[in-house]
Structure formats: structure tokens, C-alpha cells
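Report on the following structure.
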There are 2 protein chains.
Amino acid sequence: MVKRTSFEGDSCPIARSLEALGDWWSLLIIREALFGIRRFGEFQSRLGMAKNILSARLRSLVDHGILETAPASDGSAYQEYLLTPKGRGTFPILVALRQWSEAFDDHPEEIATILVDRAKGRPVKKLEMRAEDGRLLSPADTTLKPRPARRRSA
Amino acid sequence: MVKRTSFEGDSCPIARSLEALGDWWSLLIIREALFGIRRFGEFQSRLGMAKNILSARLRSLVDHGILETAPASDGSAYQEYLLTPKGRGTFPILVALRQWSEAFDDHPEEIATILVDRAKGRPVKKLEMRAEDGRLLSPADTTLKPRPARRRSA
DNA sequence: CAACATAGTTTCATTATGCAACCACTGGAG
DNA sequence: CTCCAGTGGTTGCATAATGAAACTATGTTG
């Protein structure tokens, strides 16, 4: 097979997430959805992408349980695309990508927006990794362990 | 031109990060690099990807300042690929992707490894978004503001 | 120097992307 | 009901990216 390789059966959770999110458009569609965009035409005009690609991506995101189609909302008979909890769960990923750009982009002056705390209008703090007990962890403070076998329960 | 669209000039920091990281392999290469993989052949055998694609991706990552080539390390005359600070800065992105899979994957039993605090052997806490003053923020507690114009300084 | 390993590049078939054109359905005006 | 613009797609075709395998060029070992 010369198909584009799929990570569907991969045991690495990063590869598995890329299976659903790892193409050029999916995360941008989710970004728009988090902003409240719901309609096909809105996605299309805001992202400036071809309609067939958008159509394929929306279908893929629905298949992966990230979006769901709702029958209506503004009274019209059209449908719209809403984030599921799984879809809203990508928020930290988007924040991490955003903060990485803010920190390391070669031309940060071209970045138009900053993510701020709505209450104070101040930038949000950088994401940090902490242990269960709250200690701040660096990458070197972490390691991978095999997942414990599921305990047989029923 | 029917080229794949580039996000290079886009003002959205998420799009800008996807320009460098948003393909199927780049983040997996970085994942391996964070594990200490440095050599072409090691990447190739561990990821099982075609050598031409690996070659192109490594070049792209070097061009984006995420990897750099170092002349040697084990004495041999070959070169190796090392993460730059910018490359190591992607760690939160990978953690976010991993945690998203752990939380929402449809077949979590297929996930082989968990990320743990090395000192205690316990899973790391989920990434959380906080305000400057430490308040925990939900997506709804945040908003985007236009980046303040650079203050003319010299 | 012969033989083998490493690190790629080249070639070619297959797939995905992107644009434009086309089609189906909706909702409103007449 | 008919016409018609707007919405939400699908289809066709050209081009670009991907992937497997073969090939090349060094480096390394015996």
C-alpha cells in the first residue's frame, strides 16, 4: 500500500491524536469553532479554504467525535457543526501551540492577537507541567511508564 | 498556483505554529528527539518512515530552527540532529496532545505508555490554564486582544 | 582494498490538495 | 406556483506531497 500512513493502531497517544488532528486544517477549524463559528459558509469564508476540503475535514472531525452536526439553531432548515466535549478538550493543545509561537516565532511582531484573562485583560500564564502534588516539572523530571494493565472488573 | 496553502504570513499564532509543526511526521520526530534520538537511521527505524520523507522533514525542521545539525558526538564523522531551545519548547504541545488522547481516545486501552513524574512514578497533572495571579481559567474565561503595537524604543 | 553500514537522493506510482464548475435544496418575492 | 439568490455541498481535473524501492556516496571495519 502506498497510502498515507495511518497512526490509527499506533500505541503512542501522540500519534493517535495526530490521526485526528494532525493535518493542516483540522486545528484551524476547531479554533474557529471555539470562537463560535458553526456554519459551513462561515468556516469557508473565514479560513479561505476550498469547499471540498472543508467538507472532507468536517466529515472527518465528525467521524472522530470532535464535531457533531446539529439540525438547526437560528430557525433555518440548515444544519450546523458544534464542538463535542472531546472537541472542546483540544483547547489546551491550541493554547500550547499559541504560546509556542509567542515564545519562539522569528517574527513575533506579525502575530496579531494575544490570549488574555477576560477578567483582568492580562495575558494568561504559560502552561506548566506539574506533579500530582503540585511540584513544577521540567521535561527531564518526567518519564514514560507502561500503562498498567486494566484490572478485570466485571 | 495549486500549491498547498502556506500559513507563513498568517497573523494567527496557531496557524504560524502549524506552518512548522502541522504535518504528519514533524511532531513525531520531535517526540523521538526529546527521547534522545539523534541519528538519521535511528529516526528512520523507530518511526518506520520512508527515508526521503524523513530527509525532507529533518531539513524543514532545521530550516525552522527546531533542530540543528551537530558535526558529531560519538566520535564518528557522521552528523546528528539536536533539538534547539525552540525545539525543546514544543514539549507542552506534546504533553497536551498526549493528555487529550488519554482523556478522550475511544480505545484508551490501546495506549501503551503514561507520562509520569520521575520522582514519584505518578501521572503528571493535566495542564491547566491560569491567569497571571494564579486563578484557574476555563476557555470561556479567556478572550483574544489585539497585540499592543510595539513601543518605538530606539 | 573489499565488504558492509550510514545517510541520504532519485525514480516512479499513488494519494491528497486546491481551484473551478456544477448541482441540490432553502427561503423569500412576485 | 415560479423564479431566483443564497447556502451547502459534490465532481473533475491539474498539481503537489507521500511512500516504497532502487540507487549513490561516503564512512567504517576487517
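Worth knowing before you read on, the calculation uses all heavy atoms, side chains too, and leaves out hydrogens, waters and symmetry mates. Every chain is numbered from 1 and lettered A, B, ... according to where its sequence line falls, protein lines coming before strand lines.
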Interatomic distance, B:Glu19 CD vs D:dA17 P [rounded to whole Å]: 12 Å

Atom pair CD/CD1 of A:Gln44 and A:Ile29 - distance to nearest 0.5 Å: 11.0 Å

Atom pair distance, as rounded to whole Å: CD in A:Gln79 and P in C:dG27: 13 Å

Atom-pair distance (CZ on B:Phe40; P on C:dA7), nearest Å: 8 Å

Distance, rounded to the nearest Å, where A:Leu54 contributes CG and C:dG18 contributes P: 12 Å

Value in whole Å for how far the C1' atom of D:dT18 lies from CG of B:Leu28: 15 Å

Rounded interatomic separation in angstrom, taking NZ from B:Lys51 and P from D:dT24: 13 Å

B:Ser11 side chain to B:Arg147 side chain, donor-acceptor N/O pair below 3.5 angstrom: no

Spatial distance of atom CZ (A:Arg130) from atom CG (B:Leu127) [nearest 0.5 Å]: 11.0 Å

Contact under 4.0 Å: B:Trp25 side-chain N or O vs D:dT18 OP1/OP2: no

Atom-to-atom span, CG of A:Asp23 to P of D:dT18 - whole angstrom: 12 Å

Residues forming a salt bridge (Lys or Arg N to Asp or Glu O under 4.0 Å) with A:Arg118, sequence neighbours excluded: none

Sugar-phosphate, base or nothing in reach of A:Phe43, heavy atoms under 4.0 Å: nothing

A:Leu47 CG - C:dT17 P separation (whole Å): 15 Å

Sugar-phosphate only, base, or nothing, as touched by A:Gln44 at under 4.0 Å among non-hydrogen atoms: nothing

Inter-residue atom distance A:Ser101.OG - B:Leu18.CG, 0.5 Å rounding: 8.0 Å

A:Arg122, CZ atom: more than 12 neighbouring heavy atoms under 6.0 Å: no

Ion pair A:Glu42/A:Arg38, N-O distance below 4.0 Å: no

Any A:Ser55 side-chain N or O less than 4.0 Å from OP1/OP2 of D:dG9: no

Identify the pairs formed between an N or O of the protein and an N or O of nucleotides 2-7 of chain D at a distance under 3.5 Å, and give each distance.
from	atom 1	to	atom 2	distance (Å)
D:dG6	N2	A:Tyr78	OH	3.1

Options D:dT10, D:dG9, D:dT18, nucleotide nearest the side-chain atoms of A:Arg59: D:dT10

D:dG27 phosphate, OP1 or OP2, under 4.0 Å from B:Ser76 side-chain N/O: no

Minimum-distance nucleotide to A:Asn52 side chain [options: C:dA20, D:dA20, C:dG8]: C:dA20

Closest to the B:Ile53 side chain, choosing from D:dG8, D:dT28, D:dG19: D:dG19

Closest-nucleotide 5' rank along DNA chain D - winner of A:Leu58 and B:Met49: A:Leu58

